[in-house]
Each structure stands twice: as structure tokens, then as C-alpha cells.
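See structure below.
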Number of protein chains: 2
Amino acid sequence: MSGTETYDPSKYPPIAVTVDIVLLTIIQDSLAALLIRRGAEPFKDSYALPGGFVQPDETLAAAAARELEEETGARGMHLEQLGTYGDPGRDPRMRVVSVAYLALIPNPPEVVGGSDATSAEWSPVASFLDSTLPETPSLLAFDHSRILRDGVDRARGKLEYTGLATAFCPDEFTVGELRRVYEIVWGVDLDARNFHRKVTGTLGFLEPTGEMTTRGGGRPAQLFRQGPTQSLNPPILRPSPTVI
Amino acid sequence: MSGTETYDPSKYPPIAVTVDIVLLTIIQDSLAALLIRRGAEPFKDSYALPGGFVQPDETLAAAAARELEEETGARGMHLEQLGTYGDPGRDPRMRVVSVAYLALIPNPPEVVGGSDATSAEWSPVASFLDSTLPETPSLLAFDHSRILRDGVDRARGKLEYTGLATAFCPDEFTVGELRRVYEIVWGVDLDARNFHRKVTGTLGFLEPTGEMTTRGGGRPAQLFRQGPTQSLNPPILRPSPTVI
DNA sequence: GCAAAAGTGTTCGGTGTACACCCATGC
DNA sequence: GCATGGGTGTACACCGAACACTTTTGC
């Protein structure tokens with residue numbers, strides 16, 4: 001009845017708290033996510049998002065970063081909270097509330113694990129999002145398909161009005177490489193000339209390093225670093241995907 | 001080490017899971033939040049967001065809706081997940097992970113509680129957001145100031161590209177009333193003529209009821225209902241707040 | 001009549017879009 | 001030369017900002 005009593009923390013219901021991570025990167029011109037092949041029931045042999053219990057003395061973000069480092073060895077990549085998933089029954093063993101995080105890492109990413117009981121691999125996200133594709137494992141364990149989709153949606157949306165795309169690029173990158181990130185994540189074609197004007201014209205968004213590169217062929221291109229401006233106003237408009 | 005072992009749910013760390021709710025409404029041309037005066041330690045006599053434990057058999061959203069109904073008697077308002085706050089030490093008694101929800105309710109809202117041990121009241125959010133104002137309780141209990149600020153930020157942002165503003169309006173409303181929501185939540189002045197053209201010109205955003213009203217004085221205005229289109233593209237641009 | 005709010009029409013400037021065109025490299 | 005990608009210039013359409021103007025009520 002009273003709010004005070006319900007806050008007595010000595011008799012809280014038994015609920016486990018975990019983190020799950022949607023780690024995205026770009027491999028071979030495709031958006032890919034890190035997935036773990038489960039070695040035990042439930043959902044044995046299914047794929048699942050990497051994750052684990054939150055330890056008593058670490059923040060939620062620290063738990064996500066720790067799990068990421070355990071699986072990939074990588075640190076310091078972009079990491080943001082995505083949402084929390086806690087429906088009763090989402091884990092058949094007990095009530096588990098999972099705080100999902102979205103992480104992005106530039107390519108080429110580390111190749112991970114292998115001969116362990118649980119092996120991690122990069123999988124193109126298209127097979128898990130587009131239900132019309134009859135790919136091998138079209139569903140993930142637990143509610144992880146939903147979490148993965150939410151993560152991809154978040155990444156796609158934030159490209160429009162933030163500098164998030166640079167999280168897919170190495171420290172120094174060309175405008176063309178940045179544009180390719182947008183094209184791959186959104187699944188559209190962008191006009192290279194207008195895109196160039198847009199991102200170089202937004203003051204503070206890109207910082208020229210002064211260096212040039214000729215990787216990728218063609219005329220040498222300027223190298224840029226991420227600038228201080230992380231909000232893109234006006235946003236980069238996402239064309240409707242090229243359908244049918 | 002292995003991901004499988006860390007998922008064994010029989011030995012999860014003891015963490016309590018709660019929901020906290022940022023319930024916003026508009027009172028007397030100001031954005032206001034529902035706050036609870038705490039009757040017990042810690043933070044006795046401080047204000048806090050309404051909330052409570054998640055019960056074993058309810059979803060997170062259901063827990064938020066239940067707490068809301070307990071405090072206000074209201075049901076069916078807009079309710080969305082805001083984020084999860086779980087830093088160690090945010091509650092001095094034990095480790096508590098709290099899933100925050102954002103709720104919006106049209107005015108005039110119910111007057112709540114009063115003579116109980118815990119009393120609920122509506123407070124203008126300005127005093128908790130603008131640190132230059134020396135209002136009475138400039139800080140909330142726990143990390144609730146941060147949560148409240150995040151909730152207000154979320155509401156402000158979503159007005160731009162969604163129909164969220166209608167959640168502050170009764171079922172039927174005029175274009176002028178909708179505009180006043182934007183002006184109050186954003187703290188700006190909008191051009192009534194351009195706003196009118198914008199919202200009535202976006203197909204599916206507003207549905208005319210056919211009725212007219214003259215409440216508010218002046219020429220009678222059409223009454224509208226929320227239409228099926230909940231995404232606003234192009235968005236309503238938020239002018240930079242009228243400062244200095 | 002006057003005030004107040006609802007709507008409509010119009011002008012102007014900025015910006016996204018499409019595309020022609022030139023530049024600099026590797027082969 | 002030719003292909004490839006980098007980068008600039010330009011014309012057009014569209015849209016938001018500003019604001020003049022008309023409409024319809026209450027007092």
C-alpha cells in the first residue's frame with residue numbers, strides 16, 4: 001500500500017540481473033554481429049548474444065565492457081545502453097532481467113574464440129532481421145532476436161543525427177569510407193558528391209589530419225578524424241531503402 | 001571464463017530490481033512531475049520518483065503501470081521505458097538496479113494522496129533541472145535527479161519527430177492546445193500559423209472530429225484526435241530556446 | 001468596436017537533390 | 001588511355017521562417 005514499505009530492500013523478489021551485448025561491426029561490406037554458440041541447455045547449440053551476470057561491485061556499463069573484453073579482447077569501443085528486457089519466462093530457468101548494451105567496433109575486428117566450449121563468431125545481421133531469408137539459424141536463443149533487432153534499429157537511427165558512424169571507422173578515415181558505412185548500415189546508395197559536401201560542411205564534425213591516402217584506388221583522399229561536434233544538425237537524411 | 005558457466009542462474013549475485021517512474025504532465029502552463037515525499041531513511045523527507053519492486057510474475061512495464069495506478073489511480077496513459085540505472089551505491093542499503101519509465105498524462109491530472117505516510121505531489125520540473133534556481137529541494141533522493149532530467153530530455157526530443165505531444169492532450173484537442181504543449185515542454189515560442197500548417201498538412205497525423213470548440217476564446221477551432229501517423233517526417237524543428 | 005484566437009496566402013532564403021564536370025592516382 | 005574514386009559547381013525544387021491579411025467568436 002504505502003510506497004515506503006515496498007522499498008524495504010531486505011525482502012526483494014529473487015531476480016537475476018545480467019547484461020547482453022549487441023556488438024556490431026562491418027565485415028565484407030555487411031553489417032555483422034558477434035554471436036555465441038551455446039554449449040548448454042536451454043537453447044543448446046543455438047546462437048545467443050554475448051553477456052553474463054552483473055557482479056556486485058561493478059556498474060552495468062562496466063559489466064558490459066568486461067564481458068566484451070572477455071569475448072573479444074577489445075576495449076574502448078563505443079558502448080551505450082540499449083534497453084532492458086525482463087519479461088517473466090524469457091529465461092526458462094528463473095526470472096532474469098537483462099540490461100542490453102549496443103557496442104560498435106571498427107573493422108577489421110578480432111577473430112574470436114574457436115575451440116572453447118562456447119565459440120564466438122561474426123554473423124551477418126541480415127539473416128536475423130529479414131524473415132524472408134531462409135538462412136540457417138533464423139532465430140536466436142531467449143528473446144535475443146528482438147534485442148538484436150532493437151540494436152540494429154538504434155544504430156541505424158543514430159547515424160542520421162549523430163557522429164555514430166565514425167565508431168565503425170578506424171581513427172583516421174576518408175569521406176568515402178565514412179560514406180560506405182552509411183550505405184552498408186542503411187542498405188541504400190548515397191550520392192558521393194552531396195555526402196562529401198554535407199559532412200565536410202558541418203563545422204566541427206570532421207577534423208582533417210592533413211594526411212592523404214591512396215588506399216582504395218583512385219585520386220588520393222584526405223584523412224579525417226572524428227571532430228568535437230557529435231550532433232548532426234541538420235541530420236543526414238536516410239533515403240527510403242531501394243525496394244522492388 | 002566460459003560464457004556458459006557464468007550463465008548458471010542458481011548462483012546469481014543478490015541484486016534487487018525496481019521500477020521508477022517519471023510521470024509528467026502540464027499544470028498551469030508548466031511541465032510538472034509527480035514526486036513522493038519520503039517518510040523513511042535513507043533520504044527521509046526528501047522527494048523521490050514513485051516506484052517499487054518488480055514482482056516475480058509481472059513484466060517490467062506492468063510493474064511501472066501498477067505503481068502508477070497505486071499512486072494516481074490513472075491507467076492507460078503513455079508509458080515507455082527510459083533507461084536502467086544500477087550504479088553500486090546508488091541505494092545505500094543494498095545493490096538496486098532500477099528500470100526507469102517515462103509516463104505522460106493529460107491535464108488536468110488527479111490530485112493525489114495527502115494524509116498518508118508518503119504523500120505525492122506535482123512539482124514543476126524547472127526547479128530540478130535549472131541549477132541556477134534556488135528552489136526549495138533542488139535535489140531528489142538517490143540518483144532520481146538524473147533520471148528526471150533524462151526523462152524530460154527524452155520527452156523534449158521525441159516531440160520533434162513523433163506524435164508524443166498528444167499524450168499531454170485530452171482525447172480531443174485543438175491545434176492551439178497542441179501547440180501550447182510544444183511551447184511549454186520546449187520553453188520556446190512557435191509561430192501559430194506555421195505550426196498549424198505543419199501539423200494539419202502532415203497526412204494522418206491529426207484526424208478531424210468534425211466538431212468545433214470555442215473554449216479558450218477567439219474564433220472557434222476545429223477539434224482533432226490523434227491520427228494513425230505517429231512518426232513525423234519531416235520533424236517539427238525546435239528553435240534554440242530564447243536565451244539572454 | 002476591440003481583443004483574441006483561428007486560419008490562409010505569399011514572399012524569401014536556405015538546403016537537399018540531381019547531375020555535369022574536373023582532378024589525381026594506378027595500371 | 002582508361003578505370004576508379006575524390007572533389008567542385010550549378011540549377012532546380014521544396015520547405016521552413018516571417019509576416020500581411022481575413023475570419024469568427026466574446027465582451
Side-chain angles (χ1 to χ4, degrees), chain A residues 29 159-161 165 169 172-184 186 188-203 205-225 229 231-242, chain B residues 29 159-161 165 169 172-184 186 188-203 205-225 229 231-242:
Chain A
D29 288 347
L159 288 200
E160 292 188 40
Y161 58 95
C169 296
E172 304 192 346
F173 51 88
T174 69
V175 173
E177 290 162 356
L178 184 65
R179 176 172 49 83
R180 231 150 283 136
V181 169
Y182 277 86
E183 292 179 331
I184 290 167
W186 283 349
V188 298
D189 281 327
L190 298 177
D191 185 290
R193 289 98 39 135
N194 293 332
F195 182 86
H196 184 278
R197 225 194 320 268
K198 174 81 182 180
V199 296
T200 57
T202 300
L203 221 57
F205 184 59
L206 294 183
E207 267 184 354
T209 66
E211 305 284 306
M212 305 282 279
T213 185
T214 173
R215 65 177 182 237
R219 170 175 165 181
Q222 288 185 75
L223 280 173
F224 293 89
R225 252 189 295 273
T229 301
S231 74
L232 221 38
N233 202 303
I236 298 179
L237 295 181
R238 163 162 43 163
S240 44
T242 51
Chain B
D29 287 346
L159 289 201
E160 292 189 40
Y161 59 94
C169 295
E172 304 192 347
F173 51 89
T174 69
V175 173
E177 291 163 356
L178 184 65
R179 176 172 49 83
R180 233 150 281 136
V181 169
Y182 278 86
E183 292 178 332
I184 290 167
W186 282 350
V188 297
D189 283 326
L190 297 177
D191 185 288
R193 290 96 62 160
N194 293 332
F195 182 87
H196 185 278
R197 225 194 319 268
K198 174 79 181 181
V199 295
T200 56
T202 300
L203 221 58
F205 184 58
L206 294 183
E207 267 184 354
T209 66
E211 306 284 308
M212 306 282 281
T213 185
T214 173
R215 65 175 182 240
R219 169 175 167 182
Q222 288 185 75
L223 280 173
F224 292 88
R225 254 190 292 272
T229 301
S231 74
L232 219 39
N233 203 304
I236 298 179
L237 294 182
R238 163 163 44 162
S240 43
T242 51

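A note on names: the letters A, B, ... follow the listed sequences, proteins ahead of strands, and every chain is numbered from 1.
- With sequence neighbours excluded, no residue forms a side-chain hydrogen bond (donor to acceptor under 3.5 Å, both in side chains) with B:E207.
- For the pair A:L178 CG and D:dG7 C1', the computed distance is 16 Å after rounding to whole Å.
- Following rounding to the nearest Å, A:F195 (CZ) and D:dT8 (C1') show an atom-to-atom distance of 17 Å.
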Quick tally for nucleotides 21-27 of chain D: nucleotides whose base has a protein heavy atom under 4.0 Å get B, sugar-phosphate-only ones S, the rest -, giving --BBB--
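- A:E172 meets the side-chain hydrogen bond (donor to acceptor under 3.5 Å, both in side chains) test with A:R225; sequence neighbours excluded.
- Not counting sequence neighbours, the partners of B:E177 by the side-chain hydrogen bond (donor to acceptor under 3.5 Å, both in side chains) test are B:R215.
- Residues that satisfy the side-chain hydrogen bond (donor to acceptor under 3.5 Å, both in side chains) test with A:R179, not counting sequence neighbours, are A:E183.
- Taking the ring pair (Phe, Tyr, Trp, His ring centres under 6.0 Å) definition, one finds that A:Y182 meets it with A:W186, A:F195, sequence neighbours left out.
- In this entry the distance linking CG of B:N233 with P of D:dC15 reads 11 Å, nearest Å.
- B:L190 places its CG atom 15 Å from the P atom of D:dC19, with the value rounded to the nearest Å.
- As a whole-Å value, the separation of A:E177 CD from D:dG5 P is 12 Å.
- Protein chain B touches strand DNA chain C; the 5'-most and 3'-most nucleotides with an atom under 4.0 angstrom of its non-hydrogen atoms are C:dA4 to C:dT10.
- The distance between atom CG of A:D191 and atom C1' of D:dG7, rounded to the nearest whole Å, is 12 Å.
- To the nearest angstrom, P of D:dT4 lies 13 Å from CZ of A:R180.
- Each of D:dG16, D:dG7, D:dA18 was ranked by its minimum atom distance to the side chain of B:N194; first place goes to D:dA18.
- Here A:S231 pairs with nothing under the side chain to side chain contact (heavy atoms under 4.5 Å, CB included) rule; sequence neighbours left out.
- Not one side-chain nitrogen or oxygen of A:H196 sits closer than 4.0 Å to the OP1 or OP2 atom of D:dG6.
- Between A:T229 and A:F205, the closest heavy-atom pair is O-CD1, 3.5 Å.
- Between the OG1 atom of A:T202 and the CG atom of A:N233 there is a distance of 9.0 Å, given to the nearest 0.5 Å.
- Summarising the geometry, the separation between CG on A:L223 and C1' on D:dG6 is reported as 13 Å, rounded to the nearest angstrom.
- Scanning for side chain to side chain contact (heavy atoms under 4.5 Å, CB included) contacts around B:P234 gives B:K198, with sequence neighbours left out.
- Counting any heavy atom pair closer than 4.0 Å across all strands shown, A:R215 reaches no nucleic acid atom.
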